Amino acid sequence: MSKPDYQATNLPLDFLNILASEGVDFLLSGEEDKVPLSSFDYEKTTICLFFSANWCRPCQSFTPKLVQLYNMLRTMGKELEIVFISLDHDEDGFNAHFETMPWLTVPFDVNLHKKLRERFHVIRIPSLVPLNLDGQSVEEDLIGLIEDFGEDAFPFTKKRREELKAIDDSMRQGGKIDLLLAHPGRAYVVASDGGKVLVSKLIGKTVGLYFGAHWCPPCRAFTEQLVEAYNQLLSSRVDCFEVVLVSSDRDQKEFDVNISSMPWLALPFEDRTRQDLCRIFNIKAIPALVLIGPDGKPISTNGKKINTLYGAKAFPFTQSSIEEIEESLRKEGDSLPRQIQDIKHQHVLKLDMAKAYVCNYCERQGKFWALSCDACDYDLHPTCVEEAS
């Protein structure tokens, strides 16, 4: 996304001067009415320039979101105006794009649009540039801010951005699982059978927030690992651990298929809390597993690695429990031979640490220590070794 010069305090004047240099003293509405530039109250109205084009796929994707935001904020009585600056190649493209927008536009003029793009340092589209924020603007692209926070981002100032970051920090570290997963309009999460479970039932448990999607093959593979650990914990430690799916599925149908394969809970697909949690915990890739302790505070944002390495053994997933496992494994490794000749295999087998393997003798899955062959794909559980005399 673009990174305009938000620190300039004369942006409205620059905008007006560029329009004046091309003989433009009005903007156009959707009804092709001319709106005089002198009609704007630059001190009271938040005015943003929207650089976009009909040929641009990201623009086509973002514009409906911006329309929804614009209509919502205007309905709420917020003083907001957006001005479309077209980067289309011709007037037909401009007209096709502008007819989807409820705000104003600069008349189509390639030279004028080029001057505006250069003045506001727009290097990518879509881009949304605030005009009259008197040094209080954010220092990043408004597109990302709006996609992260929606209508809460208004009035798009640096002060508001800092307030929102502080709220996120408080949510992440605040020790309130109910505030993370619920809100005044919804106090429950859902089960695979469609049932509802109150979020308050999760207070005092260790909770894994599982960020995943059915369309993602690595997620489907990790789900199998997590199901194994989850079932082991449920059978040995009653009611101490729960997982909540934070879905990145593309639609409700896909979400329903995804949750049907899971024994745990999920945030409702239609709820924005899914996006909020991705932002709060800075989730950039899936699958991801964030572990929340019984006190409601995060234990680890790298739960995927912990579960992949140690599974249910790592519970309650604290640093001390992981250190205990690693110390136990170290002692176990110290007690095993470094290499051995087994009667079942022609090559020397060497001690190795493996995340997961299948023993070639008993055909059961193994983890951690294995006796492996460097020359071929052959592994043995240490307990399956028969040393040659």
Side-chain angles (χ1 to χ4, degrees), residues 144 147-148 168 171-172 177 180-181 189-193 197 199 202 205-234 237 240-293 296-319 321-322 325-326 353-358 365-368:
E147 288 185 328
D148 280 346
D168 277 0
M171 293 281 283
R172 184 170 54 253
I177 191 71
L180 274 176
L181 299 183
V189 287
V190 297
S192 58
D193 62 1
V197 177
V199 173
L202 303 180
K205 294 184 180 183
T206 298
V207 176
L209 302 180
Y210 177 28
F211 297 82
H214 184 69
W215 55 261
C216 168
C219 292
R220 294 199 296 271
F222 179 67
T223 295
E224 293 182 7
Q225 297 177 13
L226 189 56
V227 166
E228 181 181 356
Y230 179 85
N231 288 337
Q232 288 177 11
L233 287 171
L234 251 61
R237 302 171 185 267
C240 64
F241 180 58
E242 190 53 80
V243 173
V244 177
L245 173 67
V246 185
S247 166
S248 293
D249 290 302
R250 292 169 290 199
D251 53 44
Q252 182 71 49
K253 183 178 179 180
E254 197 171 69
F255 169 80
D256 292 340
V257 172
N258 198 15
I259 190 64
S260 68
S261 66
M262 299 175 178
W264 47 69
L265 307 172
L267 287 171
F269 178 77
E270 69 278 4
D271 200 295
R272 183 179 167 80
T273 303
R274 297 182 302 118
Q275 290 87 352
D276 292 341
L277 289 174
C278 287
R279 183 191 69 244
I280 289 170
F281 290 104
N282 195 32
I283 303 299
K284 301 299 184 183
I286 55 173
L289 182 66
V290 174
L291 296 165
I292 309 294
K297 296 183 178 180
I299 300 171
S300 174
T301 57
N302 202 10
K304 175 179 176 289
K305 180 179 179 181
I306 294 172
N307 185 78
T308 300
L309 287 174
Y310 307 119
K313 274 189 174 183
F315 187 84
F317 311 116
T318 59
Q319 186 60 36
S321 67
I322 293 168
I325 291 174
E326 292 175 344
M353 173 68 83
K355 290 182 181 178
Y357 65 95
V358 174
Q365 189 173 18
K367 261 189 174 184
F368 312 126

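Residue numbers start at 1 and run along the sequence shown. Since this is a predicted model, take the numbers as computed values, not measurements.
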*asked:* Using side-chain contact (heavy atoms from CB on, under 4.5 Å), reason through Y357 and K367 one step at a time and then give a plain yes or no.
replied: CA-CA 6 Å; Y357 65 95; K367 261 189 174 184; 5.7 Å; no
*In sequence, state the C-alpha distance, the side-chain angles, and the governing distance for I286 and F222, and then conclude on side-chain contact (heavy atoms from CB on, under 4.5 Å).*
CA-CA 10 Å; I286 55 173; F222 179 67; over 6 Å; no
*asked:* I'd like to know whether M353 forms a side-chain contact (heavy atoms from CB on, under 4.5 Å) with F368, so could you lay out the CA-CA distance, the side-chain angles of the two residues, the decisive distance to 0.1 Å, and finally the verdict.
replied: CA-CA 5 Å; M353 173 68 83; F368 312 126; 3.8 Å; yes
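For the pair F315 and C240, the minimum side-chain heavy-atom distance is below 4.5 Å. At least one side-chain heavy atom of L202 sits under 4.5 Å from a side-chain heavy atom of L265. Residues W264 and V189 form no side-chain contact, since every pair of their non-hydrogen atoms from C-beta on lies 4.5 Å or further apart. Side-chain contact between L291 and T318 is absent, with no heavy atoms from C-beta onward closer than 4.5 Å. Considering only heavy atoms from C-beta on, L180 comes within 4.5 Å of M171 through its side chain.
Taking E228 as the reference, nothing meets the salt bridge (charged side-chain N to carboxylate O under 4.0 Å, His left out) condition, with sequence neighbours excluded. Looking at residues two or more places apart in sequence or on another chain, you find a side chain to side chain contact (heavy atoms under 4.5 Å, CB included) between D193 and A191.
Contact record, D276 with D148: OD1-O, 4.3 Å, taken as the closest heavy-atom pair. Counting all heavy atoms, side chain and backbone alike, F269 lies closest to D249 at CE1-O, 3.2 Å. The nearest pair of heavy atoms linking C219 to P287 is SG-N, 3.6 Å. For V246 against L267, the heavy-atom pair with the smallest separation is CG2-CD1, 4.1 Å. Closest approach of A266 to F255, counting heavy atoms only: CB-CZ, 3.9 Å. What you find for R274 and P268 is that their closest heavy atoms are CD-O, 3.7 Å.
Between the NE2 atom of H214 and the CG atom of D251 there is a distance of 10.5 Å, given to the nearest 0.5 Å. Between atom CG of residue N302 and atom CG of residue L309 there is a gap of 9.0 Å, rounded to the nearest 0.5 Å. The line from CG of L226 to CE of M262 is 8.0 Å long, rounded to the nearest 0.5 Å. Separating the CG atom in N307 from the OG atom in S300 is a distance of 11.0 Å, to the nearest 0.5 Å. Of the inter-residue distances, the one linking S321 atom OG with I306 atom CD1 reads 7.5 Å to the nearest 0.5 angstrom. For the atom pair Y310 OH and E326 CD, the distance stands at 3.5 Å (nearest 0.5 Å).
Of the possible polar contacts, none joining the T308 side chain to the K305 backbone as a donor-acceptor pair under 3.5 Å is found. Remark: side-chain polar atoms of T301 are not paired, donor with acceptor, to backbone N or O of V290 under 3.5 angstrom.
Taking the six-membered ring for Trp, F317 and F241 have ring centres closer than 6.0 Å.
Counted within 6.0 Å of NZ on K313, heavy atoms from surrounding residues, nucleotides or ligands total 12 or fewer; the atom is thus considered open.
Between the side chains of N258 and E254, no donor N or O sits under 3.5 Å from an acceptor N or O.
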